[in-house]
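To start, the structure under review is shown below, and the notes come after it.
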4 protein chains.
Amino acid sequence: MIKVTVWNEFLHEKQHEEVRNVYPDGIHNALAAGIGTDGFEVRTATLDQPEHGLTEEVLANTDVLIWWGHMGHDKVDDAIVDRVQARVLGGMGLVVLHSAHFSKIFKKLMGTGCDLKWREANEKERIWTVNPAHPIAAGIPEHFTLEREEMYGEHFDIPAPDELVFVSWFEGGEVFRSGCTFFRGQGKVFYFRPGHETYPTYYNETVLQVIKNGIKWAVPSGAAAPVRGNHQPLEEIKAK
Amino acid sequence: MIKVTVWNEFLHEKQHEEVRNVYPDGIHNALAAGIGTDGFEVRTATLDQPEHGLTEEVLANTDVLIWWGHMGHDKVDDAIVDRVQARVLGGMGLVVLHSAHFSKIFKKLMGTGCDLKWREANEKERIWTVNPAHPIAAGIPEHFTLEREEMYGEHFDIPAPDELVFVSWFEGGEVFRSGCTFFRGQGKVFYFRPGHETYPTYYNETVLQVIKNGIKWAVPSGAAAPVRGNHQPLEEIKAK
Amino acid sequence: MIKVTVWNEFLHEKQHEEVRNVYPDGIHNALAAGIGTDGFEVRTATLDQPEHGLTEEVLANTDVLIWWGHMGHDKVDDAIVDRVQARVLGGMGLVVLHSAHFSKIFKKLMGTGCDLKWREANEKERIWTVNPAHPIAAGIPEHFTLEREEMYGEHFDIPAPDELVFVSWFEGGEVFRSGCTFFRGQGKVFYFRPGHETYPTYYNETVLQVIKNGIKWAVPSGAAAPVRGNHQPLEEIKAK
Amino acid sequence: MIKVTVWNEFLHEKQHEEVRNVYPDGIHNALAAGIGTDGFEVRTATLDQPEHGLTEEVLANTDVLIWWGHMGHDKVDDAIVDRVQARVLGGMGLVVLHSAHFSKIFKKLMGTGCDLKWREANEKERIWTVNPAHPIAAGIPEHFTLEREEMYGEHFDIPAPDELVFVSWFEGGEVFRSGCTFFRGQGKVFYFRPGHETYPTYYNETVLQVIKNGIKWAVPSGAAAPVRGNHQPLEEIKAK
């Protein structure tokens with residue numbers, strides 16, 4: 001069983017009826033239900049909980065953390081961000097969704113501005129698989145369409161992804177690197193674009209399949225933890 | 001169960017007593033035994049069999065093909081090489097070992113010369129994990145040592161690996177990119193350096209763990225097969 | 001001065017009036033004129049010349065080779081393809097344009113099928129810069145539009161580019177990795193998508209700027225040529 | 001002329017006679033002299049200057065910034081680090097040397113811990129070129145040796161480099177990714193390992209050639225600055 005924690009700021013759902021109508025129990029619970037229990041043991045955490053629900057104990061028992069945030073990015077405590085970063089560098093997987101491109105944790109792990117173009121116009125997004133050999137593409141068609149989504153456009157200010165899996169086409173004329181993987185320390189990060197709060201994107205079976213694939217890809221590797229610092233010679237060194 | 005076919009030219013073992021003493025049943029059988037049956041269904045194939053043991057039927061029933069060759073590279077039929085390449089591009093995994101860096105199939109998939117420096121001096125090789133987040137590093141220490149191996153040195157004439165997992169240190173003063181992954185079409189290729197025929201490298205538990213990890217990483221992705229050629233518009237095009 | 005050789009199969013222009021109307025002197029001469037003489041010393045070569053105009057002497061005096069081909073791919077002599085590949089691996093730059101994705105030399109250097117989706121529908125292509133830090137993007141806007149081009153769509157069966165510089169959006173609903181770099185041996189390869197023979201693409205100033213940037217990026221590195229084969233120890237090896 | 005600013009914390013040279021004996025005028029002045037004036041316009045800046053010598057005006061007039069630091073990393077003002085990061089993301093090149101792997105600016109741009117193994121044992125380092133096609137390898141032999149250097153060993157906790165140019169071999173048994181490039185925003189970063197303060201490394205002609213090559217590679221690309229934020233449609237969107 002892969003231990004998954006779904007984190008959501010859980011603000012739009014409480015403040016905006018339009019969002020509450022789509023996700024009455026919050027995006028986190030919709031994602032948890034969509035991921036399901038077949039191989040996954042899922043819990044949720046939200047901004048308003050003590051330590052945002054991300055205590056040392058919770059993170060120590062999380063294989064992969066999913067992050068959705070938007071209007072509350074600056075309300076996330078820097079100490080918790082540092083704690084999550086340490087866990088990712090120590091091996092925990094991180095799946096970053098949609099507007100979490102601007103979350104403190106993603107920006108911190110990328111080292112760049114993570115800004116992009118955006119537009120809310122109920123337009124069509126078509127997602128193309130550009131790396132069909134990648135496990136995150138398992139069971140995904142070569143392209144699939146979301147009839148109504150927010151547009152995100154290039155230039156997306158991230159480091160070049162270690163692996164580019166999906167690229168989006170938008171009706172209004174833009175493209176976007178929508179599925180990107182990053183190796184960081186002993187951990188792995190997967191960014192996936194879709195999921196604006198006013199659309200039922202996280203009920204879409206193909207979107208959920210990508211997220212489940214991303215979780216499986218992001219599980220801790222199980223490699224030995226590197227030892228760092230002052231290191232004794234493994235071989236004899238000729239005196240100079 | 002992952003269906004694995006271990007291919008070996010099986011020439012040194014028959015012609016050189018020194019090699020036969022190390023691998024009396026051939027490198028392919030030593031590898032098959034080392035990979036074992038826990039999650040793997042392993043068969044072997046050799047150069048002297050009809051179609052080198054790599055019929056359409058065998059390849060169609062292979063998830064991951066392991067390739068060991070050295071003195072017989074030019075005896076491999078080009079039609080079989082084309083067949084294997086087509087299967088890799090269609091999704092089959094390929095694990096290329098040691099001197100198979102010069103095999104027709106590896107050179108064909110790389111597009112480069114694949115040449116390197118080499119030396120047989122019973123010297124020490126130390127293999128370092130440079131990407132501890134990678135699944136191929138699962139259960140592997142941050143470094144491990146083979147007391148006696150053939151040296152391979154840079155420049156190794158391959159494309160930059162999509163992921164560099166291991167780098168070797170050699171007693172005589174060289175380094176080598178020893179664990180390299182490559183995405184090709186719908187398939188995945190893993191090159192792993194150790195395994196000179198005169199040393200008992202393929203009985204080493206850590207080496208076998210890397211090979212098993214490589215097989216698991218290289219399984220077909222299960223993504224939809226891309227459709228290519230003349231393509232009808234998915235959106236309306238304004239006449240010009 | 002960078003020594004550039006522009007190679008063109010030069011067949012459409014002689015056989016199809018529609019193409020001749022756009023490129024009366026051939027695509028090679030349009031490209032040569034467009035590249036100009038400011039820092040470049042340009043010559044041309046075509047399929048119908050002895051050795052396709054790519055003699056040992058010509059290649060030895062070429063820093064960067066530009067390749068345009070389409071209907072005549074299979075008419076290119078394999079011995080010349082091997083000669084060009086050897087020169088690229090030895091340091092010569094190669095700029096591969098549009099339908100040359102299917103040329104023998106590009107397929108050989110990639111190791112994959114290099115196939116894609118295509119459509120001739122006089123549709124709009126918009127090219128987005130996804131790596132504004134790359135020298136090939138020098139002086140290029142964040143996006144530019146070609147009002148009428150042939151569509152190329154994913155999945156483009158190439159290895160993951162070492163650097164992805166441009167991504168195209170097409171009116172009909174597709175995306176394409178349009179500007180891709182590949183390091184191969186001591187040489188560098190740049191693939192750039194636009195340039196269907198029936199459109200005046202190679203008179204477009206932005207397209208020409210990208211090609212000139214690609215030439216400058218692809219010049220031989222000037223690094224020492226690696227020595228390969230049997231190698232003496234650089235350090236003392238303890239006898240075992 | 002490429003405008004270069006060489007930044008050095010300039011602390012060891014003032015506090016430790018052993019270092020002052022090697023770099024009597026400071027590492028920054030040794031580097032400035034070594035880079036020379038052929039194509040470069042070089043100035044220096046140090047920690048003890050107002051704003052560490054990195055005012056808005058200085059950075060606005062810097063094409064490539066070189067950074068050497070060690071004992072004073074935590075003395076660098078966070079506001080200046082943010083300013084430098086903004087300039088790198090805006091196009092300025094950054095060459096990070098040796099112990100600056102632990103500088104605030106490098107860690108911030110990498111998003112990882114940037115830790116490693118180290119040892120001071122007057123041991124031999126041999127640097128191998130693994131990407132001879134890269135411009136940073138111009139004029140560099142396939143390997144060169146520093147008779148006495150500090151050891152840095154893997155795992156080096158950085159993101160996988162966009163391009164790996166050099167790998168080091170150490171007498172004591174370690175390897176290290178010594179020459180690494182990273183694209184970040186509109187800017188480029190080159191990390192180069194050698195340069196412990198107690199050794200005359202920055203008088204070594206090959207080391208200086210690598211640094212000069214790195215500066216040339218890191219110059220601003222000249223691509224258009226991406227526009228971000230709310231974006232109007234470029235194409236007509238069908239009302240839904």
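To find a chain, count down the sequence lines: A is the first, B the second, and so on, and within it residues start at 1. Computed over heavy atoms, backbone and side chain alike; hydrogens, waters and symmetry mates excluded.
To the nearest 0.5 angstrom, C:H143 atom NE2 is 6.5 Å from A:K117 atom NZ. Atoms CD and CD, on A:E142 and C:E154 in that order, are 10.0 Å from each other to the nearest 0.5 Å.
Only the side chain of A:E236 comes within contact range of chain C, judged by heavy atoms closer than 4.5 Å. Looking at C:E125, there are no atoms closer than 4.5 Å to chain A (heavy atoms on both sides), in backbone or side chain.
Heavy-atom contacts from other residues, nucleotides or ligands closer than 6.0 Å to CG of C:D38 number 12 or fewer.
Here C:H155 is the residue among C:R126, C:R177, C:H155 with the most heavy-atom pairs under 4.5 Å with chain A. By number of non-hydrogen pairs under 4.5 angstrom with chain C, the leading residue of A:G153, A:S168, A:G173 is A:G173.
Tested against A:V175 for a side chain to side chain contact (heavy atoms under 4.5 Å, CB included), the candidates C:F176, C:F170, C:W169 yield a single pass: C:W169.
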